[in-house]
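Convention: sequence-line order gives letters A, B, ...; per-chain numbering from 1. Small disclaimer: the values here were computed from a predicted structure and weren't measured.
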Protein chains: 4
Amino acid sequence: MNATRPQTRRERLDAKETAVISAARALFLEKGEAGTRVAEIAKRACVAEGTLYLYFKNKRAILQAVVADHWEQLTVGAREAVEGQTETFDKLEALTTFHLRAVIADWSLLMLGTRLWATGAEAEEQMERDYRRNYVAIFDDLFRRGQDRGDVAADASLWQVRDLFYGTLEYTARTMMLHPERTDYDGVTEFVVAQVKSACLSGGQMPLYKEESGSRDLRSITGRLEAALKDLKSLDV
Amino acid sequence: MNATRPQTRRERLDAKETAVISAARALFLEKGEAGTRVAEIAKRACVAEGTLYLYFKNKRAILQAVVADHWEQLTVGAREAVEGQTETFDKLEALTTFHLRAVIADWSLLMLGTRLWATGAEAEEQMERDYRRNYVAIFDDLFRRGQDRGDVAADASLWQVRDLFYGTLEYTARTMMLHPERTDYDGVTEFVVAQVKSACLSGGQMPLYKEESGSRDLRSITGRLEAALKDLKSLDV
Amino acid sequence: MNATRPQTRRERLDAKETAVISAARALFLEKGEAGTRVAEIAKRACVAEGTLYLYFKNKRAILQAVVADHWEQLTVGAREAVEGQTETFDKLEALTTFHLRAVIADWSLLMLGTRLWATGAEAEEQMERDYRRNYVAIFDDLFRRGQDRGDVAADASLWQVRDLFYGTLEYTARTMMLHPERTDYDGVTEFVVAQVKSACLSGGQMPLYKEESGSRDLRSITGRLEAALKDLKSLDV
Amino acid sequence: MNATRPQTRRERLDAKETAVISAARALFLEKGEAGTRVAEIAKRACVAEGTLYLYFKNKRAILQAVVADHWEQLTVGAREAVEGQTETFDKLEALTTFHLRAVIADWSLLMLGTRLWATGAEAEEQMERDYRRNYVAIFDDLFRRGQDRGDVAADASLWQVRDLFYGTLEYTARTMMLHPERTDYDGVTEFVVAQVKSACLSGGQMPLYKEESGSRDLRSITGRLEAALKDLKSLDV
DNA sequence: TATGAATGAGGCTTCATTCAT
DNA sequence: TATGAATGAAGCCTCATTCAT
């Protein structure tokens, strides 16, 4: 009722729910679903074990809440990152940067999600699919608007490019996690963006572009020649 | 195939061991690790529960054996696929086709592997990494030989291209699993191969365009010019 | 009915207390003691859970109150039924009718009572006994007055006849509950009354039969006459 | 296989099952269903807690087994008691004696059975009904054969007499349990048998004897005579 | 007096592992 | 080597009761 009085009843309840989710997130990340004890979650959330069950039907429901919460944060973050840009490929770059870091930060959470549908629970599979679809809609939107603006070839295949984008990013993220010495985020971003661009410009099937490319190539080559000649000149006199 | 060839892991196993692994594989696939009971594995393998423990230290060891077995099959299969071809990009295509199908067929097994290192067991993480490295060596080999043969740009980044390759493929595989209506394996293969090619030809940093060969020529010419100029500089006056 | 008459237990209770008892009665009947949750009772009584504990020490106390209330209603009902009649066996018939119907209506409540003393709580056993004794006093009263009036044999055994009466009635009630097709209340009443009458008339110890009975009766009467005459003689001389 | 070697595998299993049932019986009797802990049953049966679940699906199943076992013993015992006699009413007396003692010995077990169907489990209600029907068949048989032999009136109502018999006996048993000072088993037996006989001889609907009114008249006349004699005494000289 | 969120002890049950045969 | 009955630790969850508001 009053923003300055944050402790309304409803808000206190929400706070507790949040505490549980974040405690659970930490533990699930650290020890996996099976390795995490409900009692631990309770203790870490500073709540009695029984209290958990006022907020969540059972352990599984906590996991679901964690996953849902994670996707929501992901989606919000990605949307913000993209909205900060106006140009199609600037948006793409922003999304790339965001996704790469987010995935590295919470890799296990994505796995938790994946785990949800390794158990034969149809409903959970569907949820997971919906979360991802909702998240991925940001990319899809970017892609389609790019087509409208002429930045992306009209015949480019959305889902192929999308798989390329997320696949490469997530696999790279995993690689980077396994090889902590690899820290060239910018290089990865640049590579992925370039790759996606390339796939966007052609029809996806043959990733090469119309006019532009030729002139661009020429431009870069020209630039290198000019630089070389400049060197040449500086030697002389 | 050849008695003098060192036996693969599987060939070394006795029948009972094999039965257990394959029963376990099926159950792990179907119900996940936690969802699978040791008793079930035993029953499906037509073995007494206690007998399992003559062959495997514990449930975890069975999981490890399943994963090891899977990676070995994958590796053998991939190697055979690649060995059937001589040209770099034919090899690539064969590998693509093989990997896509293999991943779709046993997606959950990959996840099981992933699960091995979600539990904080350092040794298992290392094993998983080694399996994958061993498997991925096939691609790496292909890539490096391609460079030797001039099919792949000398400055292409192996690990970037590798992440692109496996990332896109595995993500696509997952997508295809979730959308059974998508069955265009060949289209996917073509797309992935093209994309990888594109990344192989440029330095990975700059993916390329339309007049591919033309611009490549230009670029190589530029390179030669630059080299010549450098020579020029070093000679001088 | 009468303001000057001492209030029954129920009349002394306030509305909330009554609501709880009746909610509890319904739930105990439906789901048994262990199957009923305190929370349910509260909800059905439109009272907060905590409020229950202002009125009742704990769940057990609620059960006790329900049972007490039930016995009180039973006792009041039986008394009214009996008071409507003047003749011994008319009273008996009225009581039979009342008890049969009451037991069928709330069979489970009798069981609840029984349950009270299946737990080794001495005090509760005693309460249950007292309730029943109080209720049964109506029959006992009827029986003793019948003896005074000569309707019941002076040497009939009260407790045997009482067990016959209540036992047959309650067992019959259960039977009727299990066999809903059996609806001949009047027949049952008639049978039970006749049976009790029969036990009342003889000494309870020796109920009588066809042939035998006549001669036995005669024998006992003869005996009494002889005794009376002996008295007579002892006066004289 | 060999009667002298009682420890065959099968027999050992049976022995354990029996041990569990009898431990459970004792505890259920002492503390009721809800009051009994599975752990206690296990300990008393000298078995690990988990072992119980190799023999019984869950706690409820143990209770059911106890009840089933009890009914079986009851039925066997009753049958033996009855088979020891040839005459209808000798059988009846034997059955009475047996039932009275059995019910007193294990009153709570009957209650356990009753409890089974206070929980809304349709299947269990049916089982309980079947057990009882099976047990009661012994009485029914006795009754019908009695009719064939002419010991029981052809128009006597089986189910009324049956309710009279079991009702009186079980109620009496309860009474006796509550009043330990009452130990006149024989008196009870005699009373019940007489009462049942009486109900058997008439049509059940009118359980009174031949010259009923005659003998009653005689008795009332005797009463008046006695009264007159008393008067006589008090007057005198 | 009234509320209902919070508590936490303790129950039932599962299941990986052992061990006597 | 093979068996499968037995084990018992430990988890999830329930629910009567309390207590801050």
Side-chain angles (χ1 to χ4, degrees), chain A residues 7 9-10 12-13 16-17 20 33-43 45-62, chain B residues 14 16-17 33-43 45-63, chain C residues 14 16-17 33-43 45-63, chain D residues 7 9-10 12-13 16-17 20 33-43 45-62:
Chain A
Q7 287 315 65
R9 158 164 297 214
R10 178 71 213 154
R12 245 175 314 158
L13 294 190
K16 205 155 283 185
E17 194 169 328
V20 171
E33 180 188 0
T36 298
R37 312 280 148 245
V38 171
E40 282 180 305
I41 299 177
K43 195 189 295 175
C46 296
V47 162
E49 208 169 340
T51 307
L52 288 190
Y53 291 86
L54 297 178
Y55 293 88
F56 302 94
K57 195 167 99 272
N58 51 27
K59 189 185 183 185
R60 210 71 214 289
I62 299 178
Chain B
D14 83 355
K16 209 157 279 186
E17 210 163 338
E33 180 188 359
T36 298
R37 314 279 149 249
V38 172
E40 280 180 305
I41 298 177
K43 194 192 294 174
C46 296
V47 160
E49 235 172 303
T51 307
L52 283 191
Y53 289 85
L54 298 176
Y55 292 89
F56 301 93
K57 195 169 100 270
N58 53 28
K59 189 184 182 184
R60 210 72 215 290
I62 300 177
L63 176 59
Chain C
D14 83 355
K16 209 157 281 188
E17 212 162 336
E33 180 188 0
T36 298
R37 315 276 149 250
V38 172
E40 279 180 305
I41 298 176
K43 194 192 294 173
C46 297
V47 161
E49 234 172 305
T51 307
L52 282 191
Y53 289 84
L54 299 177
Y55 292 89
F56 301 93
K57 194 169 102 271
N58 52 28
K59 189 185 182 184
R60 212 71 217 289
I62 299 177
L63 176 58
Chain D
Q7 287 314 67
R9 159 163 296 215
R10 178 71 214 155
R12 245 176 313 159
L13 295 188
K16 204 157 283 186
E17 193 168 330
V20 171
E33 179 187 1
T36 298
R37 312 281 147 242
V38 172
E40 282 179 304
I41 300 176
K43 195 189 296 173
C46 297
V47 162
E49 210 168 339
T51 306
L52 287 190
Y53 290 86
L54 297 179
Y55 294 87
F56 302 95
K57 195 168 99 272
N58 52 28
K59 189 185 182 185
R60 209 73 216 288
I62 299 178

Quick tally for nucleotides 14-21 of chain F: nucleotides whose base has a protein heavy atom under 4.0 Å get B, sugar-phosphate-only ones S, the rest -, giving BSSBB---

Output for pair (L54(A) CG, E17(A) CD), nearest 0.5 Å, gives 11.0 Å

Notebook entry, point to check: Just checking K43(C): base, sugar-phosphate only, or nothing, at a heavy-atom cut-off of under 4.0 Å?
Noted result: nothing

Taking every heavy atom of A42(A) against every heavy atom of E49(A), the minimum-distance pair comes out as CB-CA, 3.7 Å

Between CG of L52(D) and P of dC15(E) the distance, given in whole Å, is 17 Å

Between A48(B) and V47(D), whichever has its closest DNA chain F nucleotide further toward 5' is A48(B)

Value for CD1 (I62(D)) from CG (L52(D)), rounded to nearest 0.5 Å, stands at 5.0 Å

For residues Y55(D) and V20(D), determine if any side-chain heavy atom of one lies less than 4.5 Å from a side-chain heavy atom of the other.
no

I41(B) atom CD1 is separated from dA16(E) atom C1', nearest whole Å, by 11 Å

For K59(C) and A34(C) the tightest heavy-atom approach is NZ-O, 4.2 Å

So what does F56(A) hit on the nucleic acid, given a heavy-atom distance under 4.0 Å: a base, only sugar-phosphate, or nothing?
nothing

Smallest heavy-atom separation, Y53(D) atom then N58(D) atom, equals CE2-CA, 3.7 Å

Q: Would you tell me if any nitrogen or oxygen in the side chain of Y55(A) comes within less than 4.0 Å of OP1 or OP2 on dA6(E)?
A: yes

Under the rule of Watson-Crick or G-U wobble with both distances under 3.5 Å, where | means paired to another strand and [ ] a crossing pair, DNA chain E maps to .||||||||||||||||||||

